[in-house]
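Heads up: the structure comes next, in structure tokens.
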Amino acid sequence: MAAVQLRRRGIPFRIFEKQPVVGGKFCYSSMGAAAVSNTGLDISRFHGRHARFVSDALAALDADRLRAWFQQAGVELQDAPYYGLVKPAGGGAEVIGALLEQVEDALETRAVSGVRKADAGFTVELADGENLPARAVVLATGGANLPQLGGGDDGYRIAQSLGHTLAPVFPALVGVRVHEEWPLRLPGLWMDVRLRLLEGRRELAEAAGSMLFTLSGLTGEAVFNLSHAIEPALARGAELELAVNFFPSLRAEEVALWLFRVFGERTREAAHEAIDHILPRSLGAALLARQKVKRGARVMQLSERQREALLGEMLDTRLKLRGTLGMRAAEGVTGGVSLREVNPRSLESRLVPGLYIAGQLLDISADWGGFEQHFALAAGLLAGNSVPQ
Ligand SMILES: Cc1cc2nc3c(=O)[nH]c(=O)nc-3n(C[C@H](O)[C@H](O)[C@H](O)COP(=O)(O)OP(=O)(O)OC[C@H]3O[C@@H](n4cnc5c(N)ncnc54)[C@H](O)[C@@H]3O)c2cc1C
């Protein structure tokens, strides 16, 4: 996106990409998403101590401009009927294709190994040994996640070598691992939930949305949206719990009444079957097993304490967190180049004039569902428009 702006403005440039396929992460689809924006685009969906940093980039390319921009480039962005996703019909590859079409002649599949300050700007060092002079550099090497798709620490290293500081980098937009084994026995179960990330009584993050049980842990929108807070807390030695409410859109009294009615009408039925009227059977069975209700036990055999504890689990199941599924599974990162050292209006480094830093390399993370790509595109546009003639 930065290169497209430079072309439009008649500024000569070269693009270096270390992977044979450009835009690997953009082309990857997550939970059927591949969203480049979201109808709920707002700075409240961005995380980090200085999340307001994104406002200038988002003003330069807001939701309407993004749509119009891609429409002009021949890509129709559509609103998906779920999660507020805004996506191209042809997936991320269509977006990358439309960008590349305009600048492909300047693209070289070569890795950059370093960038040094030089008298009249910079020396760009390529991994194949060639050194090139540059008046300005736009550093947009993405985050450390998914090394199998080009993620790595090259950009962080280059920024540090030029004097920038890094907020520690951790996986974000990622599934979690829990100590309990019962959730791993429900693979494929998908539910709407409300989640709270707790350190003792302190709530570190909160999120609502879908949650998917898998063989290795829990994933899905709600899990992704609080995952940014997990690894930084674990790194300082925190013990974390996930509190799961399986009835996010009901009040506790409504759930209690529902359970009371269902059990009241089915006193002779096996509890494992009666629970089917409230929860997916596999989850209901797991929650009953946690209350030591034997298989085949009838509803009327449940003690008052067991019923209360079951209700408690339905509204507030506690799971001990072991960590996230790690960088190889993460769709994003938290941490990166310190935002204090970059001018949000131009994305030019405050420490090294002529250096522009864009996209996921910056200490910004966002909710799942198109926010990250929108910011990456908007930041590219802002940087490309800020390089002086
Ligand atoms: C599986 C997956 C699904 C995702 N789904 C979504 C989604 O649906 N919606 C959303 O908003 N976000 C999504 N994301 C996040 C989103 O893709 C990223 O936020 C976005 O790609 C960041 O853009 P970027 O330009 O900063 O970095 P990137 O897209 O990572 O691009 C950086 C490029 O720099 C190259 N590079 C790195 N080092 C060097 C070097 N030394 N020399 C030359 N080239 C180098 C890399 O190969 C890469 O191509 C997803 C991410 C993943 C991994």
Side-chain angles (χ1 to χ4, degrees), residues 1-3 14-38 40-41 45-46 54 57 66 77 80 83-88 91-93 95-96 99-100 107-115 124-128 137-159 161 171-175 219 221 224-225 228 325-334 336-337 347 356-384:
M1 187 58 123
R14 294 167 80 168
I15 310 171
F16 298 106
E17 164 59 59
K18 72 172 177 185
Q19 291 276 100
V21 177
V22 180
K25 289 189 199 170
F26 259 78
C27 299
Y28 219 92
S29 133
S30 121
M31 296 193 282
V36 292
S37 187
N38 193 291
L41 187 73
R45 307 300 297 266
F46 291 82
V54 300
L66 182 91
L77 296 181
Y83 298 126
L85 305 180
V86 177
K87 22 193 259 177
V95 161
I96 293 295
L99 292 168
L100 267 186
L107 176 71
E108 298 170 46
T109 311
R110 301 165 81 184
V112 174
S113 54
V115 175
V124 176
E125 301 167 338
L126 296 170
D128 55 24
V137 168
V138 178
L139 201 54
T141 48
N145 60 318
L146 255 72
Q148 62 275 35
L149 285 183
D153 62 3
D154 296 1
Y156 303 125
R157 198 175 33 74
I158 292 170
S161 75
L173 299 179
V174 63
T219 177
E221 182 198 19
F224 278 11
N225 285 353
H228 61 93
L325 296 176
M327 279 297 186
R328 285 189 73 79
E331 297 194 5
V333 293
T334 151
V337 175
L347 297 182
Y356 296 79
I357 303 177
Q360 212 175 43
L361 192 54
L362 292 163
D363 179 17
I364 277 285
S365 63
D367 280 346
W368 175 86
F371 302 99
E372 292 246 340
Q373 289 195 0
H374 191 123
F375 174 66
L377 290 166
L381 178 126
L382 190 55

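Computed from a prediction, not measured in an experiment: that's the story for all the values here. Atoms within a ligand are numbered from 1 in the order they appear, just like the ligands themselves.
For the pair E331 (side chain) and L173 (backbone), a donor-acceptor distance under 3.5 Å is absent.
The closest approach between any non-hydrogen atom of A35 and ligand 1 is below 4.0 Å. Distances from ligand 1 to the non-hydrogen atoms of L146 include at least one value under 4.0 Å. Ligand 1 lies within reach of A111, whose nearest heavy atom is under 4.0 Å from it.
Within the listing of ligand 1, atoms 26 (O) sit less than 4.0 angstrom from a heavy atom of G359. Near Q19, with a cut-off below 4.0 Å to any heavy atom, the atoms of ligand 1 are 47 (O). Per-residue contacts place G370 under 4.0 angstrom from the following atoms of ligand 1 (heavy atoms of the residue considered): 9 (N), 10 (C), 11 (O). Here is the list of ligand 1 atoms found below 4.0 Å of a heavy atom in F371: 11 (O). Against a heavy-atom cut-off of under 4.0 Å, F16 is close to the following atoms of ligand 1: 43 (C), 44 (N). Annotation for ligand 1: atoms under 4.0 Å from non-hydrogen atoms of A376 are 22 (C), 23 (O). The V112 neighbourhood of ligand 1 comprises atoms 40 (C), 41 (N), 42 (N), 43 (C), with distances under 4.0 Å to a heavy atom of that residue. In summary, the atoms of ligand 1 found under 4.0 Å from a heavy atom of A140, numbered by their order in the structure, are 32 (C), 33 (C), 34 (O).
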Passes side-chain contact (heavy atoms from CB on, under 4.5 Å), M327 versus V333? Steps please. CA-CA 8 Å; M327 279 297 186; V333 293; 3.8 Å; yes
Can you list the steps and then say if V124 with V137 is a side-chain contact (heavy atoms from CB on, under 4.5 Å)? CA-CA 8 Å; V124 176; V137 168; 3.9 Å; yes
Start with the C-alpha gap between V22 and L107, add the side-chain angles, then the distance that decides, and say whether side-chain contact (heavy atoms from CB on, under 4.5 Å) holds. CA-CA 9 Å; V22 180; L107 176 71; 3.5 Å; yes
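Remark: H374 engages no residue in a ring-ring contact (aromatic ring centres under 6.0 Å, His included) (not counting sequence neighbours). Evaluation of the side-chain contact (heavy atoms from CB on, under 4.5 Å) rule for A2 yields V138 as partners, not counting sequence neighbours.
Polar contact check, N145 against ligand 1: no nitrogen or oxygen pair lies under 3.5 Å apart. Between Q360 and ligand 1, at least one N/O pair is under 3.5 Å apart. Not a single N or O atom of H374, backbone or side chain, sits closer than 3.5 Å to an N or O atom of ligand 1.
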